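Worksheet: one structure, shown below.
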Amino acid sequence: MDIKNGSVVTEFILLGFSAPWELQIFLFVTFSLIYGATLFGNILIIVTVTFSSTLHSPMYFLLGNLSLFDMCLSSVTTPKMIGDVLAVHKTISLWGCMAQIFFMHLFGGAEMCLLVAMAFDRYVAICKPLHYRSIMSNRLLNWFVIISWIIGFIHTMSHMVLIVNLPFCDNVIDDVFCDLPLVVKLVCTETYTLELFVIADSGVLSLFSFVFLLISYTVILVTVGRRSSGGLSKALSTLSAHITVVTLFFGPSIFIYAWPFNSFSGDKYLSIFYTLVTPLLNPIIYTLRNEKMQGAMRILRFRDVTTTQNF
Ligand SMILES: *[C@@H]1O[C@H](CO)[C@@H](O)[C@H](O)[C@H]1NC(C)=O
């Protein structure tokens, strides 16, 4: 690495929040509670889906894996962020920073694909109910999960190969964790092409997936609406949970990556919302609105969890 002032950047300084200590303690407690609830909620969903005898449909298989992605995504940044709230020197090593970016985009990209698969699942379930179980075979479901991992991996590697050897001229990050737009800003060399690439890879990708998902959900609703009006309200009640999750997931990421390089002050809060709150909202939305899920959780409490179930 060749740096202007001769020193090589080996760690970054995260500015985090500059708040009075009462507020910092409040943030520490709040973040810890939210993260605890996220772990609890998502693990509860994974356990329920795995061990319950009533939740053997493809939708719950995908939902279980979505919870897994959510839990991982939140764990990439949140524990470090919580530790940093009370720390005086908030630093992260160069490789820690790269690891955060790598895993965030691995799990984020994978989750994006899984949300598309979940939309496809709803499409088949609602528009082709008679063929549902034959189309959504266990084989296809496993492929959905594997492909999500692969796409997440390709997505994150495409960034990593570009940024991993860049020379940094500054090491102060005005945020609570590392992310692409923040790190690219610190690069010494001309970054115009790199910025364009990040916008194309992360921003446009999430924008397109989001528009694609909204169109799919609209198609489902229109198809159902043509058939019967009773079906429409039923479909709307299942799909509203999906549409909410999709909006919460893609909204912030479009905001962060589609216009990443003209920073605005809300960015820090948006990234916290994205990594702290969204992974908690998914389990809340899916369980509070889903009586079958709640029923299965209730039954599980009275059953021997070690009973083996085949999917
Ligand atoms: C997630 O996917 C894997 C691999 O396809 C599967 O074995 C597992 O049961 C799924 N997890 C849940 C909680 O459904």
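Order of listing sets the numbers, starting from 1, for every ligand and every atom in it. It should be emphasised that the depicted structure is a prediction, and the values quoted were computed from it without experimental measurement. Below, all heavy atoms of this structure are taken into account, side chains as well, without hydrogens, waters or symmetry copies.
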**Asked** Quick one: does ligand 1 sit under 4.0 Å from the side chain of Thr50, the backbone, both or neither, non-hydrogen atoms only?
**Response** side chain
**Request:** Could you tell me whether the side chain of Met98 reaches within less than 4.5 Å of the side chain of Leu94, counting heavy atoms only?
**Result:** yes
**Any side-chain heavy-atom pair of His242 and Met59 under 4.5 Å** = yes
**Prompt:** Would you call the rings of Phe69 and Trp149 parallel, tilted or perpendicular if under 30° counts as parallel and over 60° as perpendicular?
**Reply:** perpendicular
**Message:** List ligand 1 atoms under 4.0 Å from Gly64, heavy atoms only on the residue side.
**Reply:** 13 (C)
**Asked** Is ligand 1 under 4.0 Å from a heavy atom in the side chain of Asn142, in the backbone, in both, or in neither?
**Response** both
**Asked** So Met136 and Phe144, side-chain contact (heavy atoms from CB on, under 4.5 Å) or not? Walk me through it.
**Response** CA-CA 10 Å; Met136 300 297 290; Phe144 275 149; 3.9 Å; yes
